[in-house]
Amino acid sequence: MRKKIVVGSRGSKLALTQTQLVINELKKHFPEVSFAIKTIKTAGDKILDVPLPKIEGKGFFVKEIENALLAGEIDLAVHSMKDVPTVLPAGLIISAITKREDVRDCFLAQDGKTNLFTSPPQARIGTSSLRRTAQILARRPDLEIVPIRGNLNTRLHKLKEMNLTGIVLAYAGVSRLGWREKVTEIIETDKILPAVGQGALGIETRQDDAEIIEMVKTLHDPLVAAAVTAERAFLRTLEGGCQAPIAAWGRVENDELVLEGMVAALRGEKIVRKQIKGTISQAKELGKDLAGMLLAEGAAVLLEQVKREYQHHE
């Protein structure tokens, strides 16, 4: 067993906190090993003036880290699974998906009291996510969605700076940073379905590094992995290379894998949402089947509209 392991991470406070959580768990199993974090700046961290939907999903938050892994500069990488593209570079694999945090989104109101869907008319709501935007506007078309980019600290500052009524964030990140007391409301999944992989951390390794794979397997949660696999298969089947308001949430209930998925028009004028159930071993098939069901129900037209809209603005 190697005595020193180098772990790659983005440099944001949240990314470093998550990486440290993983290291702390690994230390319980391998107390004799020393771990060092190598901070790597990704394109997604540098390019802050481009709307997120134009870059999201293209590996912008992981590519440089994956390059370092392939070059042998780091031994493993810790990612938020929602940042990881559905197709990995040759030679790399996700060797472990850890226990999942709460998958839901949350609302941080400037006044600490207002809930998202009971916000005053024309209230300014901060988010750069097409998924959140569509689901918010489907219920409250009067709200003004204000794009905000940057890490969680930056977005928190923008709440007051830009005089927003509130901002919508993934509860998992807020919780891991110990900011639970800042949360005004946790939004139920019937109102806003989460992003694919939200709340789950993945550990990426080189495919041929048996020693590291064996090590990180100690943190692998097979039930979470099945749920995330189903969600990612759903996204991969729909993707077609363009960003769109797509959401999915898989979970195991009574030994059954339940997967909910959604595709929406950009401003939530139409939403196609369905649920499928099956065995845990069918995770990938369930994702593909659910995507097929949504495409047949009109999601194909919605995805085409979104694609046209983005090409029109470029």
Side-chain angles (χ1 to χ4, degrees), residues 53 56-59 79-88 93-100 102-105 129-132 134-135 138 170 172 188-202 204 220-266 268-308:
E56 213 177 11
K58 298 187 175 81
H79 304 297
S80 288
M81 279 309 292
K82 70 175 186 175
D83 291 339
V84 181
T86 53
V87 180
L88 299 180
I93 55 170
I94 298 291
S95 292
I97 293 178
T98 66
K99 192 174 179 304
R100 199 172 201 174
D102 195 317
V103 301
R104 294 173 292 179
D105 279 328
S129 157
L130 295 182
R131 169 188 65 82
R132 289 175 183 137
Q135 293 180 91
E188 293 305 327
T189 55
D190 62 332
K191 294 189 177 79
I192 298 187
L193 203 61
V196 166
Q198 188 155 307
L201 298 180
E204 193 174 23
H220 187 65
D221 185 316
L223 298 187
V224 173
V228 172
T229 297
E231 292 166 14
R232 284 168 65 77
F234 170 77
L235 178 62
R236 187 173 175 179
T237 308
L238 291 174
E239 245 171 357
C242 97
Q243 284 311 298
I246 296 172
W249 176 36
R251 70 266 186 202
V252 175
E253 292 175 356
N254 306 321
D255 294 330
E256 215 177 16
L257 182 53
V258 181
L259 179 66
E260 274 179 83
M262 178 222 79
V263 174
L266 278 177
E269 307 92 335
K270 181 171 171 143
I271 286 183
V272 186
R273 180 170 169 160
K274 285 206 158 323
Q275 182 175 303
I276 196 171
K277 293 180 182 182
T279 65
I280 294 163
S281 60
Q282 292 173 302
K284 208 169 268 186
E285 289 70 26
L286 285 175
K288 288 179 187 167
D289 290 350
L290 184 60
M293 283 161 61
L294 261 63
L295 289 168
E297 292 270 331
V301 176
L302 294 178
L303 292 170
E304 197 47 51
Q305 282 170 353
V306 171
K307 200 171 176 181
R308 276 204 307 272

Do you know which two heavy atoms are closest between [X] and [Y], and how far apart they sit?
| X | Y | value |
| --- | --- | --- |
| I280 | A226 | CG2-CB, 3.6 Å |
| A230 | L257 | CB-CD2, 4.1 Å |
| T189 | P194 | CG2-CD, 4.1 Å |
| A248 | F234 | CB-CD2, 3.6 Å |
| V272 | L302 | CG2-CD1, 3.8 Å |
| A227 | G250 | CB-O, 3.3 Å |

So do the side chains of [X] and [Y] get within less than 4.5 Å of each other, counting heavy atoms only?
| X | Y | answer |
| --- | --- | --- |
| Q275 | V258 | yes |
| P245 | L266 | yes |
| M262 | I271 | yes |
| T98 | D221 | no |
| L303 | I246 | yes |
| L201 | R100 | no |

Original post:
Which is it for D105 and Q198 under the side-chain hydrogen bond (donor to acceptor under 3.5 Å, both in side chains) test, yes or no, and what are the steps along the way?
Top reply: CA-CA 9 Å; D105 279 328; Q198 188 155 307; 2.9 Å; yes

**OP:** Test L235 against every option in R232, E239, E231 by the side-chain contact (heavy atoms from CB on, under 4.5 Å) rule and name the one that passes.
**Re:**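 When side-chain contact (heavy atoms from CB on, under 4.5 Å) is applied between L235 and each of R232, E239, E231, only E239 qualifies.
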
Subject >> Any donor-acceptor N/O pair, S80 side chain to K82 backbone, under 3.5 Å >> reply: no

Original post:
So, does H220 use its side chain to make a donor-acceptor pair with the main chain of I97 at under 3.5 Å?
Top reply: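 Side chain of H220 to backbone of I97: a pair is present.
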
Listed pairs under 3.5 Å, donor-acceptor, residues 282-296 side chains, sequence neighbours left out:
| residue | atom | partner | partner atom | Å |
| --- | --- | --- | --- | --- |
| Q282 | OE1 | T279 | N | 2.7 |
| Q282 | OE1 | T279 | OG1 | 3.0 |

Subject >> Residue pairs, two or more places apart or on separate chains, that pass salt bridge (Lys or Arg N to Asp or Glu O under 4.0 Å) and touch residues 245-265 >> reply: R251-E253, R251-E260, E260-R273

**OP:** First locate atom CH2 of W249, then atom CG of L259, and finally report the distance between them rounded to the nearest 0.5 Å.
**Re:**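 W249 atom CH2 to L259 atom CG measures 11.0 Å (nearest 0.5 Å).
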
Subject >> Under the salt bridge (Lys or Arg N to Asp or Glu O under 4.0 Å) test, residues paired with D102 that sit two or more places apart >> reply: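 Salt bridge (Lys or Arg N to Asp or Glu O under 4.0 Å) check on D102 returns R104.
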
